[in-house]
Each structure stands twice: as structure tokens, then as C-alpha cells.
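Below: one structure, written as C-alpha cells.
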Amino acid sequence: MTLPDIKSLTREELEAQFKLWNEPAFRATQLLDWLYARRATSWDAMTNLPKSLREKLRENFSLQILGLARKQGAGDTTQKFLWQLADGAFIESVLIPANPALYGEASDRHTLCISTQVGCAYGCRFCASGLDGWKRNLGVHEIVEQILAVERWNAAQPKEESVEPTADRIVNNIVVMGMGEPLANYDNLIAALKILNAPWGGGIGARRMTISTSGLAPQIRKLAVEPMQFRLAISLHGATDEVRNRIMPVNKKYPLHELTGACEDYQKLKGRMITLEYILIAGINDALDQTRPLATLAKKLYAKVNLIPYNKVEGLPWVRPAEEVCDRFLTALEKLDVTATLRREKGGDIDAACGQLRLKTERELKTQ
Ligand code: SAH
Ligand code: SF4
């Protein structure tokens with residue numbers, strides 16, 4: 001029988017458990033401090049908890065730690081972490097240093113891009129994460145652990161090599177844009193983000209958390225009634241059904257009118273700005289005839305547009321358009337009064353597009 005992981009519990013759940021065990025309430029505070037402030041990696045490290053309590057915890061809960069399988073990038077640049085999970089599966093997180101405020105965040109922040117699933121079932125034609133299909137959802141603790149593991153890694157670096165030697169924590173922005181479709185693992189995602197937001201947990205503001213979705217309309221509506229103020233990014237990549245159908249199978253299920261309907265409802269309820277992500281892929285969606293429908297959509301949703309030049313994925317035929325083409329697309333959008341940015345890629349040199357390091361590692365392992 002697999003035990004529930006201790007990092008999938010809220011403070012309330014933990015307190016209820018301790019009450020059942022007749023443990024005083026302050027023990028829960030001590031345990032949370034070990035888990036989230038000190039980022040302990042074993043029960044034995046929790047020296048101020050009585051041995052008997054540690055034994056009880058060990059018998060009833062797992063304490064899983066992500067193992068660093070591989071890391072790319074160095075210093076204060078984009079760094080990619082490949083983690084191995086307890087069942088051997090691999091996932092990725094990417095640490096991005098101080099970015100221009102792409103998702104409305106303050107610009108002096110470190111952003112961690114996290115995964116929510118092993119693989120992805122949505123099979124967007126251009127994406128490495130979906131190439132080998134979907135394996136499983138991540139548990140709450142596996143989502144939470146990505147932040148803790150990066151913090152742990154940074155704290156263990158020699159002072160001159162750590163990202164920000166003086167900071168106790170380095171991650172203060174989360175983008176859920178790694179492997180997997182976050183809204184297809186809805187409950188675990190929200191539970192994990194709540195833990196990462198709680199003052200006793202990650203202490204990261206909900207406004208500093210951006211959820212990216214390929215367009216699951218019903219779940220966008222569900223997210224709209226969540227009390228927390230997460231940011232929402234939609235992976236649009238095509239402003240007409242014709243283009244979107246060609247590259248994103250999810251559009252057959254939730255075509256543009258349904259997706260935009262859900263976004264409009266979200267916008268009405270939340271009053272928050274949505275970001276539309278638009279990867280520019282040569283010959284697929286980079287022609288200027290896409291700019292007018294894209295502008296119409298963006299204005300209808302009061303959304304800003306993030307243009308992202310495509311990152312080459314090994315084994316896929318798609319290519320990034322020339323720089324002039326990207327610039328021309330941006331200018332055309334701006335002429336149509338749309339707020340848009342063109343991302344000058346960080347980390348393109350380290351397979352930064354989601355899912356690539358995992359794919360490469362799994363394929364290497366298979367051929368060994
Ligand atoms: N499944 C979610 C979140 C993970 S993908 C979603 O699709 O939104 C995060 C973002 O990376 C998406 O906008 C996705 O379209 C984009 N992406 C995937 N492969 C890419 C590539 N090769 N180059 C650039 N962006 C890519
Ligand atoms: Fe899945 Fe997002 Fe990749 Fe599409 S872009 S396959 S939804 S991870």
C-alpha cells in the first residue's frame with residue numbers, strides 16, 4: 001500500500017491528524033517548519049519531534065524528495081532541472097532569473113516553471129512533452145517538491161555559485177508551464193498551489209502564480225470561481241480554428257468560440273488580465289493574416305499577447321521564423337492597438353522548451 005505523502009496535507013488536515021493522535025497543536029507547527037522552512041529530507045532530521053511521533057509519522061506517511069537526475073545551465077542564467085520521481089519517472093522544472101515582467105510580475109524575481117504531469121495527453125503537434133503520450137498526473141507533493149528541491153539545491157551551492165547567496169529563498173514566482181496540462185490535473189494543482197501560497201508553506205503570493213492551459217474551457221470556468229487570484233495564460237498559437245486545428249488537437253474538443261466564451265466568463269468574474277501565448281512557427285501561424293483575428297480576440301478578452309519564437313524540438317519538422325518575421329508580426333499587432341511582447345528567448349540553448357530534457361534522457365536510457 002502506498003502511503004499518502006506528508007506534503008500533500010494542508011495545515012488543517014495535519015492538525016486534525018495530530019489531534020487524533022493526541023499530539024499538542026504546536027507539534028504541527030514544528031513539523032511544518034521542518035517541511036517548508038528547513039526543507040528537511042528525512043524524518044530523522046526532525047530532532048525536536050519526539051522519536052515516538054517520528055515513528056508514527058513514518059508508519060503513516062511518506063516523505064518523498066525529488067532526486068536531481070540532471071541539470072543544464074549555470075550561474076545566473078536559465079537553469080533546467082531534471083528530477084526523478086519515486087517510481088522512476090522524470091519531470092522538469094526550469095529556473096528563470098529576473099525577467100522583464102512577462103506575466104505582470106515584478107521584474108526582480110526568480111521564476112520557477114513547474115510540471116504537473118508526466119508526459120501530456122494533449123499532443124500539440126509542436127511540443128516535446130506530448131510526444132510519448134501521457135503517463136500519469138503528479139501528486140500534490142510532487143508539484144510542491146519542485147520548489148523545495150530547487151531551494152534545497154541552491155542552499156547547497158558554494159556561496160559564489162548560488163543564484164542569490166544572500167537570499168533565504170530564491171523562487172518567488174511560479175509559472176505552471178512545464179510538462180503536462182495543469183488543468184487536466186486540476187485538484188492536485190490547486191491543492192499544491194494553496195500549499196505554496198500558505199504562510200506556513202511556500203509563502204508565494206497567488207498573484208505570482210501563472211497557470212498556463214492549452215484551452216480546457218470547462219476547467220477555465222471552474223478556475224474562475226476559485227477564491228485565489230492566480231494569473232491565467234492561454235496557449236492560443238492560432239487565432240482561427242483552421243490554424244489551431246492543425247496544430248492543437250484540443251481545439252477540436254473546445255473550438256475557439258468555446259474557449260473565448262470561457263475566457264470572457266473568467267474575465268468577468270475575476271476582472272484580471274489574461275495573457276495569450278502565441279508561439280510563432282514558420283509557415284504555420286506567422287503570416288500577417290493571423291494578426292487581425294488575433295487582435296480582435298485579444299481586445300475582446302482585454303488580453304495581452306506574448307509572442308514566443310518557436311524552440312526547435314529534435315525530431316519535429318517545425319522551425320522558428322526569421323527574426324524579421326517575428327518583428328513584423330509584433331509591429332502589425334501593435335498597429336492594431338494590442339499590447340504585445342516578443343520574447344527574446346532565454347535558455348533556447350539548453351532545450352528550454354518544455355519536455356525536451358526529459359525526452360532526451362528517456363531516449364538515451366532506452367538505447368543504453
Ligand atoms: N499544457 C500547458 C502548459 C505547459 S506548455 C499549455 O499548453 O499551456 C507551456 C507553454 O510552452 C505552452 O504555451 C506551449 O505551447 C509552449 N511550448 C511547447 N513547446 C514549445 C516549443 N517547442 N517552443 C516554444 N514554446 C513551446
Ligand atoms: Fe501538452 Fe501543453 Fe505540450 Fe500541448 S503544449 S502537448 S497541452 S504540454
Side-chain angles (χ1 to χ4, degrees), residues 78 80 91-94 96 102-103 111-138 143 146 174-186 189 193 209-217 219-220 223 230-238 243-254 259 263 274-282 284-286 303 305-321 326 341-360:
T78 300
K80 192 162 206 170
I91 54 159
E92 295 174 17
S93 318
V94 183
I96 310 154
L102 280 184
Y103 301 99
T111 299
L112 190 70
C113 175
I114 58 171
S115 297
T116 50
Q117 300 183 312
V118 180
C120 183
Y122 287 82
C124 301
R125 306 266 181 261
F126 48 80
C127 176
S129 291
L131 274 184
D132 285 347
W134 175 87
K135 298 246 163 61
R136 67 172 174 90
N137 282 340
L138 294 190
I143 301 175
Q146 291 173 60
I174 294 176
V175 294
V176 192
M177 295 188 180
M179 201 192 311
E181 168 48 54
L183 296 188
N185 186 11
Y186 190 93
L189 170 76
L193 294 183
M209 299 175 176
T210 303
I211 301 171
S212 174
T213 177
S214 58
L216 308 198
Q219 282 89 332
I220 292 172
L223 195 63
F230 305 119
R231 292 179 192 280
L232 179 64
I234 307 290
S235 294
L236 196 67
H237 312 331
V243 170
R244 220 169 174 259
N245 280 340
R246 244 193 293 159
I247 53 179
M248 300 179 75
V250 68
N251 198 65
K252 300 244 164 70
K253 199 161 180 197
Y254 306 115
L259 173 58
C263 290
I274 294 175
T275 305
L276 298 178
E277 309 265 1
Y278 196 101
I279 311 179
L280 287 161
I281 311 175
I284 300 291
N285 63 359
D286 62 342
V305 176
N306 235 351
L307 299 173
I308 306 151
Y310 182 65
N311 254 320
K312 182 96 188 98
V313 174
E314 237 178 83
L316 292 183
W318 319 92
V319 288
R320 172 186 294 203
C326 300
T341 51
L342 173 62
R343 189 190 292 179
R344 315 280 167 188
E345 219 31 79
K346 282 194 183 197
D349 54 331
I350 58 159
D351 308 323
C354 65
Q356 296 205 53
L357 185 58
R358 165 187 173 254
L359 197 69
K360 197 149 94 184

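Read the numbers this way: they start at 1 and go in the same order the structure lists the ligands and their atoms.
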Tell me the nearest of [options] to [atom], using heavy-atom distances.
| atom | options | answer |
| --- | --- | --- |
| atom 9 (C) of ligand 1 | Arg343, Gln117, Met177 | Met177 |
| atom 19 (N) of ligand 1 | Ser115, Gly130, Cys127, Pro309 | Cys127 |
| atom 4 (C) of ligand 1 | Ser129, Pro182, Gly178 | Gly178 |
| atom 1 (N) of ligand 1 | Cys113, Gly180, Ser212 | Gly180 |

Under 3.5 Å, side chain of [X] to main-chain N/O of [Y], donor-acceptor pair present?
| X | Y | result |
| --- | --- | --- |
| Asn285 | Ile279 | yes |
| Tyr122 | Ala184 | no |
| Arg244 | Leu236 | yes |
| His237 | Glu277 | yes |
| Thr210 | Arg231 | no |
| Trp134 | Gln117 | no |

For this session: Examine all N, O or S atoms of Cys120, backbone included, and report whether one is under 2.8 Å from atom 1 (Fe) of ligand 2.
Result: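 So Cys120 counts as coordinating atom 1 (Fe) of ligand 2, yes.
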
Side chain, backbone, both or neither: [X] near ligand 1, heavy atoms under 4.0 Å:
| X | answer |
| --- | --- |
| Asn311 | both |
| Thr213 | backbone |
| Met179 | neither |
| Trp318 | neither |

For this session: Determine, using heavy atoms of Gly123 and all atoms of ligand 2, whether some pair is separated by less than 4.0 Å.
Result: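 Yes.
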
Exercise. For ligand 1, which atoms, with element, lie under 4.0 Å from some heavy atom of His237?
Worked result: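 Selected atoms, number and element: 13 (O), 14 (C), 15 (O).
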
Exercise. Going by the atom numbers of ligand 1, which of them fall below 4.0 Å from some non-hydrogen atom of Val313?
Worked result: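 Numbered from 1, ligand 1 contributes 22 (N).
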
Exercise. If you take all heavy atoms of Ala233 and Met177, which pair is closest and at what distance?
Worked result: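 It is CB-CE, 4.1 Å.
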
For this session: Specify the closest pair of heavy atoms between Ser212 and Ser235, including all atoms of both residues, with the distance to one decimal.
Result: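 Closest approach of Ser212 to Ser235: OG-OG, 3.4 Å.
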
Exercise. Passes side chain to side chain contact (heavy atoms under 4.5 Å, CB included), Thr213 versus Gln219? Steps please.
Worked result: CA-CA 9 Å; Thr213 177; Gln219 282 89 332; over 6 Å; no

For this session: Taking atom types as modelled, find out whether Glu181 and Thr116 have a side-chain donor-acceptor pair closer than 3.5 angstrom.
Result: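 There is no such pair between these side chains.
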
I'd like to check which ligand 2 atoms, numbered from 1 as shown, lie under 4.0 Å from a non-hydrogen atom of [X].
| X | answer |
| --- | --- |
| Tyr122 | 7 (S) |
| Ser214 | 7 (S) |
| Cys124 | 4 (Fe), 5 (S), 6 (S), 7 (S) |

Exercise. Looking at ligand 1, does any of its N/O atoms fall within less than 3.5 Å of an N/O of Glu277?
Worked result: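 Between Glu277 and ligand 1 (N or O atoms, distance only) the closest approach is not under 3.5 Å.
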
Exercise. Less than 3.5 Å between some nitrogen or oxygen of Ala128 and one of ligand 1, yes or no?
Worked result: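 It does not: no N or O of Ala128 is found under 3.5 Å from an N or O of ligand 1.
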
Exercise. Of Asn306, Thr275, Ile211, Ile274, which meets side-chain contact (heavy atoms from CB on, under 4.5 Å) against Ile234?
Worked result: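 Result: among Asn306, Thr275, Ile211, Ile274, Ile274 is the only option passing the side-chain contact (heavy atoms from CB on, under 4.5 Å) with Ile234.
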
